[in-house]
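Take a look at the structure set out below.
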Amino acid sequence: MKNLKTKITISKITAVLIYIMSVIIFFAGCTKSPDIVVIEDSSGNTNKVTGEDDDYKIYLITMDLADDFWKSIDSGCRRAVAELGGIDYKWTGPDTNEDDTQMICIDQAVAEGADAILLAASSPNGVNESLRKAAEAGVKIIYVDNAANFDCIAFLATNNELAGVVAGETLQKGLSDAGITSGIIGISANKANVTSTALRIKGFRKSFEGTNFTLDDTFFMEDNDQSLKDFAAEHPEYVAFFGPNERTALALGEQMKSSGSKQIVMGFDTSDAVLALMYDGVLYATLQQNPQAMGYDGIKIAVETLKGNYTETNVKIDTGVNVLNKDSI
């Protein structure tokens, strides 16, 4: 009995100590600074920003998590979150641009209580069922860069068809400066179902109407960068190529650099790697979008909508585009 009593006493003391420590931890937590903190997920990607007493939960869901363009949108979102406070923010997306995996991301955000989603839609119609469920749950939908065919609060993006025209006119100047007045031009894209690049290509083709140049059918690399490099290598007779986004511009530029080809490449987007290829003279020029504004303004519109101050729907906001060449960087 003595031993039993001793064990009971020790158990009571242990329980009291655990209780005291839990109280200390609780009050320590309550007195922490309300400054925004960054939380890393299990993959090591810093993708969530939160503060204490968050009022709204807002997600950025992109086509994938790899391109610097998406990272720039995320950076703009974070800047707005830091300024506004009171936002539980998370950037997520699939590993590759696929409708099914992006739908899972949307569904998960809704299940986790998202108040608003900033979405770069993987395709015009492929994620609409998940968007319908999100809207029924009261989630506010804002598109950045690429929209689905589903109602939204606002769509912040480059005027992509106009940007394509600008890209075409810029390439025509490069060809003229090189003394090239005719020939075949290769056009590439990653996937056929991405509206933003499809519109850029449409504008690009329009700019060449009435010229002596022939524009080839669009080559789709389907997430296989090497296939585009091989395509370019197989067509040394082409006088130029157009890569209407970061990934295609990089693949084309890397192929020209490794082969020593003097074919003229018109790029798109401004990651460090794209700018380095342009500085080396491999890319003739590239178009600079404003992804930071897409994220920054998107978060602010989301918050104003959730507060009831912004009541517009399906508003299109052109975030602009600039032409960059070696002389301008």
Side-chain angles (χ1 to χ4, degrees), residues 47-51 54-63 69-70 72-94 99 102-163 194-196 199 289-321:
N47 70 347
K48 184 174 181 181
V49 179
T50 184
D54 297 317
D55 295 319
Y56 304 117
K57 183 174 286 190
I58 303 176
Y59 283 68
L60 167 66
I61 302 177
T62 51
M63 295 181 189
F69 185 81
W70 309 130
S72 294
I73 293 180
D74 171 56
S75 178
C77 288
R78 289 170 180 274
R79 186 158 58 90
V81 168
E83 287 182 13
L84 296 172
I87 300 171
D88 181 351
Y89 165 76
K90 184 177 182 180
W91 172 33
T92 187
D99 290 339
Q102 191 176 65
M103 286 179 70
I104 292 171
C105 294
I106 296 170
D107 293 344
Q108 183 175 351
V110 174
E112 292 176 358
D115 295 300
I117 293 174
L118 274 61
L119 177 70
S122 57
S123 70
N125 300 303
V127 298
N128 285 4
E129 180 59 23
S130 288
L131 293 176
R132 181 187 64 78
K133 293 176 183 177
E136 288 177 353
V139 179
K140 307 303 181 185
I141 299 167
I142 295 170
Y143 296 120
V144 289
D145 182 62
N146 205 57
N149 291 326
F150 191 88
D151 287 344
C152 65
I153 302 301
F155 175 27
L156 298 94
T158 301
N159 183 330
N160 285 296
E161 186 171 345
L162 178 60
V194 178
T195 304
S196 57
L199 287 171
Q289 299 187 82
N290 198 349
Q292 288 242 359
M294 296 178 194
Y296 181 85
D297 293 340
I299 289 288
K300 292 209 163 185
I301 290 172
V303 170
E304 288 302 300
T305 301
L306 292 167
K307 287 181 176 179
N309 298 331
Y310 189 95
T311 58
E312 302 293 326
T313 57
N314 295 315
V315 176
K316 291 184 178 180
I317 300 172
D318 181 8
T319 51
V321 68

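All values below come from the heavy atoms of this structure, side chains included, with hydrogens, waters and symmetry mates left out.
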I want to check something: taking the side chain as every heavy atom from C-beta on, are [X] and [Y] in contact at a cut-off of under 4.5 Å?
X: Trp70; Y: Asp145; result: yes
X: Tyr310; Y: Lys300; result: no
X: Val139; Y: Ile106; result: no

For the student: nearest non-hydrogen atoms of [X] and [Y], plus distance:
X: Ala147; Y: Ala121; answer: C-CB, 3.8 Å
X: Glu112; Y: Lys57; answer: O-NZ, 2.8 Å
X: Ser75; Y: Gln292; answer: OG-NE2, 3.0 Å
X: Leu60; Y: Cys77; answer: CD2-SG, 4.2 Å
X: Ile61; Y: Cys105; answer: CD1-O, 3.7 Å
X: Ser122; Y: Val127; answer: OG-CG1, 3.6 Å

**Prompt:** When you look at Met294 and Phe69, which way does the side-chain contact (heavy atoms from CB on, under 4.5 Å) test go after all the steps?
**Reply:** CA-CA 11 Å; Met294 296 178 194; Phe69 185 81; 4.0 Å; yes
**Message:** Check whether Gln102 reaches the backbone of Gly93 with its side chain - one donor and one acceptor, N or O, closer than 3.5 Å.
**Reply:** no
**Request:** Check for a donor-acceptor pair, side chain of Asn290 on one end and backbone N or O of Gly320 on the other, with a separation under 3.5 Å.
**Result:** no
Value rounded to 0.5 Å, distance of [atom1] in [X] from [atom2] in [Y]:
X: Thr62; Y: Asn146; atom1: OG1; atom2: CG; result: 11.5 Å
X: Thr195; Y: Glu161; atom1: OG1; atom2: CD; result: 12.5 Å
X: Leu131; Y: Asn125; atom1: CG; atom2: CG; result: 10.5 Å
X: Ile299; Y: Arg78; atom1: CD1; atom2: CZ; result: 10.5 Å

**Item:** Given Thr305, Leu84, Val303, the one that forms side-chain contact (heavy atoms from CB on, under 4.5 Å) with Tyr56
**Value:** Val303
**Prompt:** Applying the side-chain contact (heavy atoms from CB on, under 4.5 Å) test to Ile87, which of Ile58, Leu306, Asp115 qualifies?
**Reply:** Ile58
**Message:** The test is side-chain contact (heavy atoms from CB on, under 4.5 Å); show your working for Val110 and Lys133 and say whether it passes.
**Reply:** CA-CA 8 Å; Val110 174; Lys133 293 176 183 177; 5.9 Å; no
**Contacts of Glu129 that satisfy salt bridge (charged side-chain N to carboxylate O under 4.0 Å, His left out) - sequence neighbours left out** = Arg132
**Counterpart residues, salt bridge (charged side-chain N to carboxylate O under 4.0 Å, His left out), relative to Lys140 (two or more places apart)** = none
**Request:** Verify side-chain contact (heavy atoms from CB on, under 4.5 Å) between Tyr59 and Gln108, making sure each step is shown before the conclusion.
**Result:** CA-CA 10 Å; Tyr59 283 68; Gln108 183 175 351; over 6 Å; no
**Prompt:** Are Ser123 and Asp99 linked by a side-chain donor-acceptor pair shorter than 3.5 Å?
**Reply:** yes
**Request:** Go through Ile301 and Val315 one step at a time and tell me if the side-chain contact (heavy atoms from CB on, under 4.5 Å) criterion holds.
**Result:** CA-CA 11 Å; Ile301 290 172; Val315 176; over 6 Å; no
Side-chain donor-acceptor contacts of residues 151-159 below 3.5 Å, not counting sequence neighbours, with atom names and distances?
from: Asp151; atom 1: OD1; to: Asn314; atom 2: ND2; distance (Å): 3.4
from: Thr158; atom 1: OG1; to: Gln289; atom 2: OE1; distance (Å): 2.6
from: Asn159; atom 1: OD1; to: Leu162; atom 2: N; distance (Å): 3.2

